[in-house]
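Lettering of chains follows the sequences in order, A, B, ..., and the numbering in each one begins at 1. Keep in mind it's a predicted model, so treat the numbers as computed, not measured. Atoms considered below: every heavy atom in the structure, side chains included; atoms not considered: hydrogens, waters and symmetry mates.
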Amino acid sequence: MEIRALVSAMWRNRTGPILVAAQVAITLAVVVNMAYLIQQRLETAAKPTGIDINNIFWVHLEAIDPEYNYEAAVRADLDYLNALPGVIAAATSNGTPQAFYALGLPFAVSPEQLDKEGAHVARVFMANEHYLDALGLELIAGRNFESSVVAPPAQDVPSGIAAWAPEVIITKYMADKLFPDGNAVGKPLYVGLVNRSSTVVGVVKLLQGAPMPDEQFALSNVLVPMIPPGPDSFYIVRTEPGRRDATMARVEKELADRVPGRFLSRIEALEKTAAQARFTFRSSAIILSVIGVFVLAVTLVGITGLAAFNVTTRTRQLGTRRAIGARKFHILRYFIVENWIITSVGALVGCALALAAGIKLSTTYALPRLPLYFLVAGVVAIWILGLLAVVVPARRAASISPATATRTV
Amino acid sequence: MLLHDTRLALRSLKRNPILSLLMIVTIAVGIAASMIAMTVYSARAGHPIPWKEDKLFAVTMDTRDEGPPPPGLPLRNYEYPPFTLGYQDAMAVYRSDIPRRSVVMYRTGQLVMPERANIKPFYVPVRVTTADFFAMFDVPFRYGGGWPRAADTTAEPVVVISKYLNDKLFGGVNSLGREITLGGRQFKIIGVLDAWMPHPRFYDLSGGGFDLPEDAFVPFEWVRAGKMFPQSISCVRRTSRVVNFESLFTEECLWLQSWVELADSAAHARFQDYVDNYVRDQKQRGRMPRPLNNRIVNVSTWLDMNNVVGDDTRMQVIVAVAFLVVCVLNTVGLILAKFLSAAPIAGLRRALGATRLDIVRQHLTEVVIMGLIGGALGLILSFGGLRLLHALIFSRGLETSDNPARLTLAQSFTHMDFSMLLLAVVLSVLTGILAGIYPAWRIGRLAPATFLKTQ
Amino acid sequence: MIEMNNISKVFRTDVVETHALRAFSLRVEPGEFVAITGHSGSGKTTFLNVAGLLEEFDGGTYHLEGQDVSRLSDNERSRIRNEKIGFIFQGFNLIPDLNIYDNVDAPLHYRRMPAAERHKRITAALERVGLSSRMKHLPSQLSGGQQQRAAIARAICGSPRVILADEPTGNLDTTMSEQIMELLQSINAGGTTILMVTHNPELAQRAHRQVHIVDGRIDQIHHFGTVQRASAAAGASA
């Protein structure tokens with residue numbers, strides 16, 4: 001069938017095709033951008049953390065006795081936890097990575113850089129000599145903290161920060177940003193607010209502070225050797241694979257009572273904390289994909305509906321075409337080509353819409369621009385969808401008997 | 001006439017049951033998606049205290065350094081001043097006698113030591129605030145009331161507790177005059193709140209804005225007297241130096257919310273002048289290097305500045321409405337197909353004397369009825385969808401809380417109120433009309449003779 | 001040309017069995033103009049459908065130009081319809097969305113004929129039926145007679161061996177009918193075999209032969225003339 005005749009015939013009954021093309025256009029624009037957003041979300045949620053998440057739990061203790069000796073308790077607790085069978089390492093800290101807890105401080109290589117170029121804001125985790133092992137972090141340069149540099153607990157958080165330690169360990173991401181010439185180890189790192197420089201003694205390969213889409217926000221992390229201010233204690237414990245739950249149960253039962261004047265307020269697997277932190281990303285992705293599937297389904301129905309309508313109203317002419325020599329294949333092809341033209345016109349308009357929506361999306365969510373391969377994949381998907389949608393009515397059209405032509409109704 | 005049209009419409013719907021069903025389902029899912037998205041949206045976009053829209057104002061000052069935002073802080077709307085104030089500036093606001101009421105406050109967490117041994121000690125969120133808080137935000141009391149302004153400066157050991165805390169500690173009885181241990185100190189209960197859940201919690205939007213109010217309220221001076229450390233602090237200037245607790249009061253660190261109640265717009269203008277003059281004065285002293293940018297904003301603007309609705313919620317509404325548009329387009333196509341295939345009947349009616357308007361009205365009635373059926377089905381679907389949404393998303397974490405208000409809060413996101421029901425009806429009629437107007441017009445336009453001849 | 005022997009065709013529904021053709025035998029010579037008459041329901045349209053390979057039959061044999069067509073695939077039947085048979089319908093059956101030129105073009109398309117050849121044939125066919133000036137018109141813009149002439153152009157442009165006409169003048173007034181009949185006769189004079197179903201006895205008399213069908217069987221055959229340009233091979237029916 002000649003395309004020109006087909007198009008001009010289509011143009012004479014353009015309402016239906018235009019409606020379907022409009023549906024296809026909106027569908028493409030919506031689905032492509034949704035898919036991109038969902039992919040970004042899921043990618044963010046699935047990014048590596050650098051942490052041995054599955055074998056870690058954390059525990060939080062509240063002191064209630066004014067006479068409670070926090071510092072002594074911490075030392076006793078760490079000894080106890082590290083000696084437990086199946087425990088690889090236990091460390092004290094001010095909070096766990098993977099939660100949205102944040103103590104953020106401004107960093108720079110020098111006070112001058114801080115003034116001129118602004119700070120590199122990073123999340124601060126208080127650590128001791130067991131911290132790297134307790135999280136399963138991989139040190140790729142320099143060394144770990146020695147227990148002697150770990151500062152004793154301060155009275156409160158501000159004084160704790162003020163009593164900043166002379167050494168820090170930073171992530172590779174941060175080292176690359178602040179020391180682009182390489183080899184951060186041994187260099188001074190200036191800490192704003194505290195107004196002090198510390199020496200970078202080590203670099204860890206990866207530590208994701210929180211599952212955020214923004215890399216700078218997620219991967220800029222600084223470890224500082226100090227026991228957090230009390231009187232609440234927070235411990236991170238890493239066990240050998242498979243022994244986490246048993247160890248957790250034991251710690252929950254035993255730990256608090258080892259020192260009087262306190263109680264265990266929370267104990268949780270890091271796996272759960274991490275899943276919780278990703279929940280918003282995931283749930284929003286689920287909602288969006290459900291809507292996306294519905295949009296596709298309705299468009300599929302629309303395409304099938306139009307084609308089916310065309311088959312009904314064209315029964316006579318299809319019979320005539322068969323009578324004058326069209327094969328079933330020709331009829332099938334006629335419908336598929338017609339439908340392909342409609343979906344393609346829709347897809348073309350949809351691409352423009354998708355790009356426009358994509359610009360808005362990327363500014364709203366601070367995402368990179370919608371990649372073109374998403375558009376290409378979207379168009380291909382629409383083609384396939386259109387083909388699937390038209391197959392049934394087209395087959396029905398092809399099976400119309402040529403004898404229909406001689407029927408006088 | 002309407003009855004006649006309705007009867008014809010129902011008969012016509014029955015003539016192509018599968019097609020009619022398809023259209024109804026299409027409309028239903030479109031409306032359901034829109035209703036679900038809009039319900040969640042309206043739960044977030046609601047005004048918590050509309051009757052004080054022209055009275056209540058949040059106070060902000062631009063205390064930041066000059067220059068672009070530091071890297072690593074993905075802030076949108078960087079032109080807005082920070083949403084909290086430093087101690088010195090909040091106190092300057094508090095000193096003004098222009099506002100009828102004025103509140104300076106922050107949120108902290110403190111340990112409660114129950115007297116009853118069978119309850120473990122637990123943390124409660126505490127609001128440390130000046131006295132006007134309760135009158136200003138129209139907080140409902142069950143028993144007692146707040147404290148006088150004088151108590152703010154003397155750190156009187158008095159506390160107002162939430163209904164939940166009163167239920168939990170005292171079994172819901174009138175506990176006025178009893179004492180609780182908060183952060184290791186004894187406080188005398190002078191007020192017990194009734195159920196109160198501003199939605200969103202506009203007076204402090206940190207953490208997204210959809211959280212319950214605090215469970216205990218103590219006079220402002222307790223910040224020093226009890227060393228009650230605020231839950232979040234942000235030190236905005238490069239020159240800030242934090243050395244100890246006292247740095248909170250001396251350094252450029254922001255941690256206080258400031259709200260004022262102003263009598264009228266003249267008072268608002270005078271107060272704006274007051275704040276601007278204060279900032280100009282501070283500039284003389286070398287503080288606040290940015291251009292004047294002090295926003296004294298009402299609750300709506302405040303919610304908007306804080307993006308309380310959220311990008312995802314907005315996105316979901318846009319996507320759902322786009323989906324509804326696809327559904328309408330789809331229905332237009334299907335209805336057009338259906339009407340055209342029944343055109344001979346319409347032609348016959350025209351020949352028998354029906355006017356063009358009769359034909360249009362009759363067909364439109366059919367589509368509107370379909371829209372209403374679709375809308376009803378859509379409403380059922382959206383109830384189901386909202387239940388599912390609640391179960392899958394909003395009810396998360398409820399099992400760990402013994403506070404029934406948490407459940408109420410969670411349910412509020414998926415609760416369809418009367419206005420949403422009304423919207424559903426309007427939406428379905430609108431959908432029907434939008435989907436039907438063109439096909440009905442097409443059918444009405446056909447010449448009566450066209451379809452009477454055999455083709 | 002056409003040889004049908006003992007053709008039977010039965011339509012079955014759940015309750016009724018209708019014998020549309022029973023032991024139907026007919027032989028049509030090349031160049032013949034045969035009119036098929038009969039009351040409605042007599043089976044004349046079924047005969048035409050079977051003759052035109054539009055429908056399959058249940059029993060008997062059918063040879064078209066010596067080829068047994070009873071066991072052909074759907075595609076082969078399509079090809080034969082396209083190349084050897086031209087159809088003219090009572091309701092014209094032009095494709096409403098295509099203009100006259102494209103309508104005439106339709107069968108040629110299915111034959112994968114080169115464009116230039118197609119153009120030559122289409123213009124010639126439209127010239128023949130006197131519609132050269134209307135080729136860009138849509139069917140709905142033409143009168144009934146013009147539409148049927150366009151349909152005839154569509155039927156002849158593929159140079160078919162046989163034309164099957166189903167009440168070609170059934171929807172037309174007398175003047176128009178006359179034009180169409182003259183056109184058909186002139187086509188027949190050019191050597192194309194024509195089978196025409198009609199219920200009009202006057203028109204039937206203008207054929208060489210009238211075959212009257214009653215209840216799916218040939219009831220009577222009248223001879224009105226012989227093939228003008230009789231070929232050597234085809235002994236005219238006596």
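Of the atoms belonging to A33(B), not a single heavy atom falls under 4.5 Å from chain A. Only the side chain of L389(B) comes within contact range of chain A, with at least one heavy atom under 4.5 Å from a heavy atom of that chain. R123(A) does not touch chain B: none of its heavy atoms, backbone or side chain, sits under 4.5 Å away. Of the two parts of L329(B), the backbone and the side chain both hold a non-hydrogen atom closer than 4.5 Å to a non-hydrogen atom of chain A. Using a 4.5 Å cut-off between heavy atoms, F245(B) touches chain A through backbone and side chain atoms alike. When heavy atoms are compared at a cutoff of 4.5 Å, V332(B) approaches chain A by way of both its backbone and its side chain. With a threshold of 4.5 angstrom between heavy atoms, E215(A) does not approach chain B through any atom at all. Contact of V301(A) with chain B is made through backbone and side chain together, with heavy-atom distances under 4.5 Å. If you measure heavy-atom distances from L353(A) to chain B, you find no contacts under 4.5 Å at all. Interface remark: F294(A) contributes backbone and side-chain atoms alike to the contact with chain B (heavy atom separation under 4.5 Å). Of the two parts of A108(A), neither the backbone nor the side chain holds a non-hydrogen atom closer than 4.5 Å to a non-hydrogen atom of chain B. Proximity to chain B (any heavy atom under 4.5 Å) is restricted, for L361(A), to the side chain, taken from C-beta onward. When heavy atoms are compared at a cutoff of 4.5 Å, Q23(A) approaches chain B by way of both its backbone and its side chain. There is no contact between I286(A) and chain B, counting heavy-atom distances below 4.5 Å. With a threshold of 4.5 angstrom between heavy atoms, S247(B) does not approach chain A through any atom at all.
Heavy atoms only, all atoms of each residue included: D232(A) and Y123(B) are closest at OD2-OH, 3.1 Å.
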(Q) Applying side-chain contact (heavy atoms from CB on, under 4.5 Å) to K360(A) and I318(B), what does each step give before you reach the verdict? (A) CA-CA 12 Å; K360(A) 177 85 184 106; I318(B) 292 171; over 6 Å; no
(Q) Set out, in order, the CA-CA distance, both residues' side-chain angles and the distance that settles side-chain hydrogen bond (donor to acceptor under 3.5 Å, both in side chains) for T15(A) and R442(B), then state yes or no. (A) CA-CA 10 Å; T15(A) 316; R442(B) 272 280 293 269; 2.9 Å; yes
**Q.** Worked check of side-chain contact (heavy atoms from CB on, under 4.5 Å) between I393(B) and I287(A)
**A.** CA-CA 10 Å; I393(B) 293 170; I287(A) 295 179; 3.8 Å; yes
Q. Please walk me through it: do M315(B) and T364(A) pass side-chain contact (heavy atoms from CB on, under 4.5 Å)?
A. CA-CA 10 Å; M315(B) 170 76 68; T364(A) 306; 5.8 Å; no
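Annotation: the span from N13(A) atom CG to L336(B) atom CG amounts to 9.5 Å, rounded to 0.5 Å.
Annotation for R12(A): atom CZ counts as buried by contact number, over 12 foreign heavy atoms lying within 6.0 Å.
Looking at residues two or more places apart in sequence or on another chain, you find a side chain to side chain donor-acceptor pair (under 3.5 Å) between Q231(B) and R107(B).
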